[in-house]
Amino acid sequence: MTQLSTSTQPTSTSAPAAGPIIVAQDVQKHFGNFHALRGVSMSVRPGEVVVIIGPSGSGKSTFIRTINALDPHDGGSITVDGIPLQGARNLDAIRREVGMVFQSFNLFPHLTVLENITLAPIRVRKTSKAEAEKRGLELLRRVGIEEQAHKYPAQLSGGQQQRVAIARALAMDPKVMLFDEPTSALDPEMIKEVLDVMKDLARGGMTMLVVTHEMGFAREVADRILFFDAGQIVEDTTPEAFYTNPQHERAKAFLGKIL
Ligand code: ADP
Ligand code: MG
């Protein structure tokens with residue numbers, strides 16, 4: 001979370017503002033004849049928390065999936081930490097920079113919690129097992145479930161599984177974390193424990209791009225809100241401005257439904 005809002009100009013005369021860590025320019029994506037992303041341009045500065053909201057089918061998931069190339073874009077450009085995302089080139093480098101958390105947890109069911117967390121550091125980063133486990137336990141402590149380390153995902157609640165998924169993404173030391181509706185599959189009493197972990201990450205300075213309709217989270221920690229409609233960003237503003245005075249007709253209609 002940064003103190004600055006949407007200004008692209010440095011507002012301080014001391015240190016120059018850091019350049020953006022994610023830059024998307026005129027991003028296009030088609031699924032067959034369907035034009036899912038119609039020229040999406042945005043950028044995210046280090047430490048910023050950007051919340052994406054919008055109607056179902058507006059391209060929110062598709063857009064964040066293009067950022068770590070789970071869905072390759074087919075027009076425009078995406079750069080993460082200075083690395084251009086171009087087809088299969090730079091794919092591993094980009095994926096090392098970007099952690100992703102999905103609605104459906106996606107843990108490996110046959111591995112324990114700790115094994116889920118240490119798998120990628122050991123296989124991809126070539127971290128020793130002992131080192132990966134030490135760090136894995138630290139991360140589990142950070143998300144508040146160290147005592148579950150040796151259980152299997154099916155033995156955990158949904159909220160606990162999602163916290164494991166967050167710890168698993170953090171184990172690769174990403175510079176950016178992407179979240180796609182991380183609480184929408186959870187029972188209400190578990191939503192808070194996951195949002196609290198995300199707030200903690202935000203306060204610790206993590207750069208985050210979060211698809212969520214959790215207004216409390218957005219108002220408390222987001223620096224900016226992007227409102228998607230029909231494959232485009234139609235509003236890019238502060239949470240305060242968005243929730244109190246949305247400009248776009250579709251944003252007004254959408255807020256009218258969810259508030
Ligand atoms: P959101 O996350 O905002 O609900 P999505 O990004 O999932 O929306 O989807 C945007 C549009 O793209 C939807 O109309 C959806 O049906 C379509 N779409 C998404 N993924 C695929 C796919 N793999 N194949 C075909 N169409 C897709
Ligand atoms: Mg989606």
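The basis for the numbers below is simple: all heavy atoms, side chains too, and nothing from hydrogens, waters or symmetry mates. In listed order, ligands and their atoms are each counted from 1.
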- [ ] Could you tell me whether the side chain of His213 reaches within less than 4.5 Å of the side chain of Phe254, counting heavy atoms only?
- [x] yes
Task: Heavy-atom gap Gly32 to ligand 1 smaller than 4.0 Å - done: no
Open item on the list: Looking at the Mg ion (ligand 2), is there an N, O or S atom belonging to Ser61 that lies under 2.8 Å away from it?
Closed with: yes
- [ ] Could you check atom 9 (O) of ligand 1 against the protein and tell me its nearest heavy-atom contact, residue, atom and distance included?
- [x] Thr62 OG1, 3.7 Å
Task: Identity and distance of the protein heavy atom lying nearest atom 15 (C) of ligand 1 - done: Phe34 CE2, 4.6 Å
Task: Beyond-backbone contact of Asp173 with Arg135, side-chain heavy atoms, under 4.5 angstrom - done: yes
- [ ] Please verify whether a non-hydrogen atom of Gly54 lies at under 4.0 Å from ligand 1.
- [x] no
Task: Test of proximity, Gly59 against ligand 1: N or O pairs below 3.5 Å - done: yes
Open item on the list: Using a 3.5 Å cut-off on N or O atoms only, is Phe31 in polar contact with ligand 1?
Closed with: no
Open item on the list: Ignoring hydrogens, what is the shortest heavy-atom contact between Asn106 and Arg168? Give both atom names and the distance.
Closed with: O-NH2, 2.9 Å
TODO: Indicate yes or no: at least one non-hydrogen side-chain atom of Met198 is less than 4.5 angstrom from one of Met177.
DONE: no
Task: Nearest neighbour in protein (non-hydrogen) for atom 3 (O) of ligand 1 - done: Lys60 NZ, 2.7 Å
Open item on the list: So if I count the atoms of ligand 1 from 1 in the order they appear, which ones are less than 4.0 Å from some heavy atom of Pro55?
Closed with: 3 (O)
- [ ] Kindly indicate whether the side chain of Glu193, heavy atoms from C-beta on, has any atom under 4.5 Å from the side chain of Ser157.
- [x] yes
Open item on the list: Less than 4.0 Å from atom 7 (O) of ligand 1, is there any heavy atom belonging to the protein?
Closed with: yes
Task: Protein residue, atom and distance nearest to atom 10 (C) of ligand 1, heavy-atom basis - done: Gly57 O, 3.4 Å
- [ ] Decide whether Ile83 and Val27 are clustered together by the hydrophobic rule: side chain heavy atoms of Ile, Leu, Val, Met, Phe, Trp, Tyr closer than 4.5 Å, transitively.
- [x] yes
Open item on the list: A side-chain contact here means heavy atoms from C-beta on lying under 4.5 Å apart; do Phe105 and Val164 qualify?
Closed with: no
Open item on the list: Can you tell me how far apart CG (Leu170) and CG (Leu201) are? Round to the nearest 0.5 Å.
Closed with: 5.0 Å
Task: Contact bool for atom 22 (C) of ligand 1 (protein heavy atom, d < 4.0 Å) - done: yes
